[in-house]
Structure formats: C-alpha cells, structure tokens
Amino acid sequence: MAALKAELDAALVQLRAAEAQLSRTVAALEAAGVWSGDDATAFQSAWVDEVHRPLVIATVSLEALSFVPMA
Amino acid sequence: VSRMLGMNPDEVEAHHAVLVGQLGALESALTTVNRVRLASLNPFNYGIEPSALILAPASIVATTVVTALVAGAKENAEKLVGQLMGQVAQQREASAAGGGSFVPSADGRNGSETITLAMLASLSAAQLKKLLKDDPALAQEFWKNPPDAAAVAKWWKSLSPAERDRLIADAPTVIGNLNGVPYANRDEANRIALAAAAKDPNLTKDQKDTITQVEQALITRKGAAARYLTDFNLGADPPLAAVAIGNVDTADDVTVDVPGMANYAKSSMSSWTDAAQKLYDEQQNVVDPDHSHAVIAWIGYDTPPLDVSVANKGASDSVMSNNLAQQGAPRLAADLDGIQDTRAGEGASAPRVSVVAHSYGTTTSAYALTQTKHDVNSVDFVASAGIDHRVIPNAAALHVDSVNGREQLYASQATRDYVATTGRVGSGRADPEDPSFGAITYSSDGGKAQDGASYAAVNGHDAIGSGLAVPPYNVGAGHGYFDKGTESLYNMAVVSSGQGSLLSGLKPSIF
C-alpha cells in the first residue's frame, strides 16, 4: 500500500480537479445560448450551495489534515 | 422554440456528459479518503508499516466529515443533474408551458474557523441527520477525540442563535457532549437525544437501563438546584453520562465527582447523582453559602467491575489494572478543561474547578490531571485505589494549583476501609496518603469540626452507605464517604469549596 499521505494527496488533487471541472461545466451552462432564465439561475444557486461549497470545504479540510507516526 | 424558453437542449446534454464523468471522479476520491481513514484507525489490518505516518486523531474525525461532505455533494449533484435532464426532456417536447420550475432545496450554510465544526455546520439539516444516523461512529469520534474546547467556544459564539438551535436539534449527540458549548445548550441537546432514544425500539438492555437511570437522575428535588444533563453518550460501550447539580455556566465553584469501580450509567447514574447532591448541599448550605456551586456527577468512563480479588488482577478491566483508568483519562481531562474554556468563551470570569474522586476514580483522575491544559484549583482523593507512581510520582506531577508552595491535593481514607488498601496492594499503585506523595491528608474517621459540630465516621469503602451487607466491605447506612453527617463529606465540601483552612481532623502526616 502506498504511503497514506501520498494517497490522500492524490485524492485531494482528484477532488480539486473534479470540483473545478464541475464548476466550469455548470458555469458554461450559463453561457449565452445554452441555458438562461429563472430556472437556470435557480439551478446555479442550488449548485453553489449544495455541491460547490461543500466540495470546497472538503478540499480545504483535506489540505489541513495532519499525520503522526504510529504509536 | 427552445431559444425562446432559454435552453439549448443539445448543448446542455453535451455538458451533462462532462458532469457525470466528474461525479465518477468524486466517487473515486471518496473511496481513497475512506481507505486512508480506515487504515489510520486500524493500521495493522491494512499492512501499514510501524514506521509509517497515519492520520492524527483529530484528522481522522475530520476525514469522517469530509467523506460525508463529498458524498452529500455528489448526491446533491446527481439530483440536480437529474432535474436538469428532466428539463431538457421537457424542452424537447417543446410544450408551450416549458419545463416547469426548478426548485432547489433550501439549505442553510455557513463558514467557520474551526474546520471540522465548520463542516458540520455547513451541512443541511437533512444531511446532518442522515450523517449521524448512517455513521453513529462520528459522534463517538467527537467523544474520543474532541476538538479543542477553546476553539469550539469561539466557533459556537460566532454562530447565530438560529444556527445554534439547528445544530442542537439536528446533531444533539455531537453538540450535547461538545466541550466549549455552554452547558445549558448541552443539556438541551442531550435531553433531545434522551427523548429520541427513549422512543427507539432497537435499544440494548444497557441502553434502556441507562435511559431509566438518567431520567431518574434528572429529577430535581423540590426547591433544590436545577439538574443538567452535561454528557450523554448512549452509543458508547458501556453507555456514559454526566449530570450536573447547579448551573455549570454560572457557578462560582464547579466540582467534578469521579466514581470508582462498578459505577455504570446503566446502574448508578441516579445514586452517583445523589452522592453529588449531598456534596452540593454540604458546599452550598454548610460550608460556603456565600458562593454559588455546581457539582457534576461524572460517569464518563468505563469503571472496573466489582471484583477486588487478586485472581482477577490479570484481566484488562480489573480494578488492579490501570487500563480503564488510562482509557478514561483523556475524556476527563477534556471535560475539566472544557469547564474553563467554555466560561472563557462566554467572556465570563473563570470558576474554581475542583475534582473529588473516589476509589478507582482517583486512579483515573490522576492520569487525567497530567493531561489537562489548565490547572484545577483542588483535587481530593478519597478511598484511593492507588495512583500510578510511574506516571505520577507525587503531587507536583498533577496539574493543580499551589498555595504557599503546596499543591492543593488532598487525600483521605477511613481506617475501616480495607477495600481501598486491597486495591492498592493488589495493583502495586501508590497511596496518595503516603507522606512522600505530598498530599494534605485529613480524617474520615469522625470527629469535630472547628465550629464544634460533630461528624460521623466512615466505616467502609462505599460512597453511599447502604447497610445491605456487613461492614467494612459494604458500609452501614449513613456511613459512606458521601453520606450526610460524615466527617469525610464535610471535609470534601471544605476542600472543593476552597476553604481548606476549615478542615477537621488533619492527620499528623502533614506536619
């Protein structure tokens, strides 16, 4: 098994990349000609609250984790 | 037509494929974080080499919440994407009414400086309930590895009343036991957890018995100080709890009573609270009526079973073993620090904090008092089952105040209490009454106080005398260490109220 810290770092990179791609994609829906109007605004708002924000908190939290030697 | 309705279905569908692909990446990251967490909890089972690094305890708690956040976000994303595609389908039908309104769920969010707590606070009510239901271990991890109480106090103060109410209602098993949260709030949360548990048809017998005991312990006597459920952990094995008499948030003096062997929340919460009430009454009505008091009947650790035989010495849960004391000490240390940190967080003046420990509770308390951040004002070891002198060689090793160069450690054992002596001899632990240990020792054998009042002798080991068996193994009614009218109760009240000069019957060893 790879070192746990390396595994967690890899998960953090993957999580951050996925969150960034998701945000870009959802933002692209707002682009002219794709989706607009009240429903689009409501979707964007819900996405930020229910997906984007928890993922950002999760990535920030992962960055702050600490490791200790086995007792 | 679709342009008029605000959506280009083909382009939205193209983006949908990207979204779904990234949700798979979230799942993969989630699996990895979970594996790292489990490997840190059970490194040997996961083939982790002894020299390797594992997650720190507080970080393990954080990963639990991280996984809940990611899982929740993924679930929400799937729901939103599903709704989005439903709208696409409706767009394609090009109905005159369009796709209907998109209705997001109404979730409150907030941020905070304390990461793990911020994550909890960031979850919606539904997510929080689901998290704690699906993963009861989360509440246990907060119990075993609690966040720093000072940080919690700062975080709690940063929340709005509505946010606090939501957390109390939706995460009572975490908030109720979270040091740094004011005790009135903890009581509210724990009573919510208690009421919910009482309706649970799937409880074990120990859990049911604990609920019964806690409910009895919370009954306030007419005209007496209010009682508060300051700790309630039904998911622990065995279940654990603590009941305060008097307001811990405002009292001038706060005393934590730590019990010895065979005191379980399932069987002794009520009687240990009665013992605490007797100490409270002695403090408030006899010794120190000019200050306000609170006494916490603390059964926050797994005590050893009632077996003082040397034959049981090898058992890991034996009173002769230090194991259970060592396991219980960190939580006690956290609870002691929590009293001071919570008060500081509210911007109020610090209370006097005292520990009164009985029997094996002295063993546990001694370890805990090497782990606290803050000194307590006094410690009183009665009927000690012994102190691990390898860790605590003398009073100076304890985090307790000194007055005139003397640690405020007190100790007493009744002459007829042979059980405590057996516990020390069998375990090889030290007697805190030994002059070399540095405690101020006092009598529990009966005598007169400085005002001339007479007090009875303790004639055995029990905290409360039942008279159910022959002394000295059990104690005659009215002759336990916490029984009203005994010299020990008077002196414990004197010590824990900071009135040490009023002690009766000082033993010659201090001179």
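First the proteins, then the strands, lettered A, B, ... as listed; each starts at 1.
Side chain of D337(B) to main chain of T372(B): no donor-acceptor pair is present (N/O by atom type, distance under 3.5 Å, no hydrogens or angles).
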Would you be so kind as to tabulate the donor-acceptor pairs closer than 3.5 Å made by side chains of residues 10-19 of chain A, with sequence neighbours excluded?
residue: Q14(A); atom: OE1; partner: S28(B); partner atom: OG; Å: 3.3
residue: Q14(A); atom: OE1; partner: A29(B); partner atom: N; Å: 3.3
residue: Q14(A); atom: NE2; partner: S28(B); partner atom: OG; Å: 3.1
residue: R16(A); atom: NH2; partner: E63(A); partner atom: OE2; Å: 2.4
residue: E19(A); atom: OE2; partner: S23(A); partner atom: OG; Å: 2.6
residue: E19(A); atom: OE2; partner: H52(A); partner atom: ND1; Å: 2.6

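Of all the listed residues (V18(B), V81(B), T31(B)), the one sharing the greatest number of non-hydrogen pairs under 4.5 Å with chain A is V18(B). Your options are L30(B), L26(B), T32(B), L55(B), and the one with the most heavy-atom pairs under 4.5 Å with chain A is L55(B). Contacts with chain A were tallied for P57(B), S40(B), P50(B); P50(B) has the most, counting heavy-atom pairs under 4.5 Å.
Every residue two or more places apart in sequence or in another chain that forms a side-chain hydrogen bond (donor to acceptor under 3.5 Å, both in side chains) with S59(B) is listed here: S66(A).
A salt bridge is absent between E75(B) and K79(B): the closest approach of a Lys/Arg side-chain nitrogen to an acidic carboxylate oxygen does not fall below 4.0 angstrom.
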